[in-house]
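Take a look at the structure below.
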Amino acid sequence: LNENGAPAYRTGYDHAITPRWKVGTDSSVNVSGLNPTEITSPQLIGMGERFGFKEVERVLNIWNEELREHGFESGVNRTCGGHVHVDIYDYNLVNAFNLQMLVYCLWDLIKFLVPPSRRGNHYCRVLEPCHFKQNFSNFEGYVLDRYLCLNLSGFRNKHVEFRFWPGTTNVKKAKMHVIISLCLTETAKHKTIWNLLESVDRDYLTIEDFLDFIEVRGSHPVLKEVREFAVQRFSNFVELAGADGLLKKEKIYKNLQHTDQAAFILEGVGGFVADSYVIFNRAALENIYPFPSIGRDFRLEEPPYILSVSYT
């Protein structure tokens with residue numbers, strides 16, 4: 001990498017953010033007879049030649065050329081995961097909660113963008129209702145376990161990690177992983193699962209509905225490329241699974257009912273306790289009523305949430 005103008009250095013297993021590419025180790029990758037290696041980018045911004053998509057493409061091409069020269073057809077196997085870390089400097093706790101809700105409710109679509117090995121292994125477990133209590137039981141968003149498909153343990157340090165992607169040296173796949181992670185993160189600031197449910201007038205959702213909702217669409221060449229690739233990849237995995245690729249709204253409603261959102265306790269609001277069928281009581285944020293109410297009318301997109309909660 002250094003010889004080809006991509007500043008890099010060798011390291012062990014660490015999570016330090018540096019201005020150079022890192023080539024380190026990761027014991028979760030199993031390669032018989034070889035030393036497992038992890039390559040980590042510096043912080044990336046935009047589409048540019050340096051620290052943008054073009055830099056990722058260049059580094060992956062260099063890496064692939066080295067693999068071919070040493071007789072390897074591929075640089076990854078099913079034990080290798082791809083993790084996308086996204087800066088959430090402008091997030092508050094409600095945004096983080098909303099992002100987890102989107103991934104949780106839409107998982108039956110998202111899972112067909114990744115191979116079976118990434119749909120709930122030890123290092124990227126599928127979100128369950130109990131994780132809402134685990135992730136939002138205090139204001140700092142501290143979690144005991146980071147090995148979830150969506151890792152919010154970095155909320156205090158203002159970053160979120162998407163762990164469900166597979167490892168890859170394929171440029172198209174890498175672009176899809178990054179773009180969808182970025183779009184999900186941005187969508188959670190402005191829209192909720194209810195916006196999606198109400199915008200589609202049939203009783204099921206498709207992968208196209210999901211991509212429209214997170215705004216992976218439009219005329220930009222990268223967005224067009226990612227959308228086409230995502231739909232193709234989704235269709236392939238759906239066919240392999242013998243599934244129909246549709247997410248019934250009824251299942252989302254059931255997931256919402258059984259999510260322990262009452263665990264979302266806000267500092268300075270005076271926390272509350274409820275059963276597991278609470279969608280969320282916005283009155284608690286206004287500090288009007290000290291108890292939660294049951295029903296879908298109390299929705300995260302309503303102004304009191306955005307105005308009343310901030311990270312300090």
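FYI, side chains are in, hydrogens and waters are out, and symmetry mates aren't considered; it's all heavy atoms of this structure. Because the structure is predicted, anything quoted here is derived from the model rather than measured.
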Heavy-atom side-chain contact between Y104 and L256 under 4.5 Å
no
Decide yes or no for K173 and W165: does some side-chain heavy atom of the first lie under 4.5 Å from some side-chain heavy atom of the second?
no
Distance under 6.0 Å and angle within 45° of the ring axis: does R146 meet both against Y123?
no
Shortest non-hydrogen contact from L109 to F234?
O-CE1, 3.3 Å
Aromatic F155 / basic K158 pairing, under 6.0 angstrom, 45° off normal:
yes
What are the two closest heavy atoms between L152 and Q100, and how far apart are they?
CD1-OE1, 3.3 Å
Please determine whether the number of non-hydrogen atoms from other residues, nucleotides or ligands lying under 6.0 Å from atom NZ of K249 exceeds 12.
yes
Can any side-chain N or O of N2 pair as donor or acceptor with the backbone N or O of A8 at less than 3.5 Å?
yes
Is it the case that T192 and N98 place a side-chain donor and acceptor less than 3.5 Å from each other?
no
Do F162 and H83 pass the ring-ring contact (aromatic ring centres under 6.0 Å, His included) test, and can you show the C-alpha distance, the side-chain angles, and the key distance before you say yes or no?
CA-CA 6 Å; F162 295 82; H83 301 165; over 10 Å; no
Would you say CD of E239 has more than 12 non-hydrogen atoms from neighbouring residues, nucleotides or ligands within 6.0 angstrom?
no
Would you say the side-chain atoms of T168 and N170 include a donor-acceptor pair closer than 3.5 Å?
no
Is there a donor-acceptor pair closer than 3.5 Å between any side-chain N or O of R119 and the backbone N or O of V114?
yes
Between V226 and V178, is there a side-chain heavy-atom distance shorter than 4.5 Å?
no
What residues, two or more places apart in sequence or in another chain, satisfy side chain to side chain donor-acceptor pair (under 3.5 Å) together with D209?
R202, T206
Report the C-alpha distance between E57 and K54 in whole Å, list the side-chain angles of each, state the deciding distance to 0.1 Å, and finish with yes or no for salt bridge (charged side-chain N to carboxylate O under 4.0 Å, His left out).
CA-CA 5 Å; E57 184 172 356; K54 291 189 181 298; 5.6 Å; no
Is it true that a side-chain atom of R227 and a backbone atom of V216 form a donor plus acceptor pair closer than 3.5 Å?
yes
Under 6.0 Å from the six-membered ring centre of F213 and within 45° of its axis: does the NZ or CZ of K191 meet both?
yes
Stepwise, does the salt bridge (charged side-chain N to carboxylate O under 4.0 Å, His left out) test hold for E250 with K248?
CA-CA 5 Å; E250 181 182 4; K248 301 293 185 181; over 6 Å; no
Does any part of the side chain of E208, heavy atoms only, come nearer than 4.5 Å to the side chain of V231, both counted from C-beta?
yes
Is there a donor-acceptor contact under 3.5 Å from the side chain of R118 to the main chain of R163?
yes
Within the structure provided, determine whether I39 and L1 are in side-chain contact (heavy-atom separation under 4.5 Å).
yes
Show your working on ring-ring contact (aromatic ring centres under 6.0 Å, His included) between W107 and F164 and close with a plain yes or no.
CA-CA 11 Å; W107 179 250; F164 51 77; 5.6 Å; yes
Are E65 and R68 within salt-bridge range, i.e. N to O under 4.0 Å?
yes
Should I252 and L205 count as side-chain neighbours, where that means a heavy-atom distance under 4.5 Å?
yes
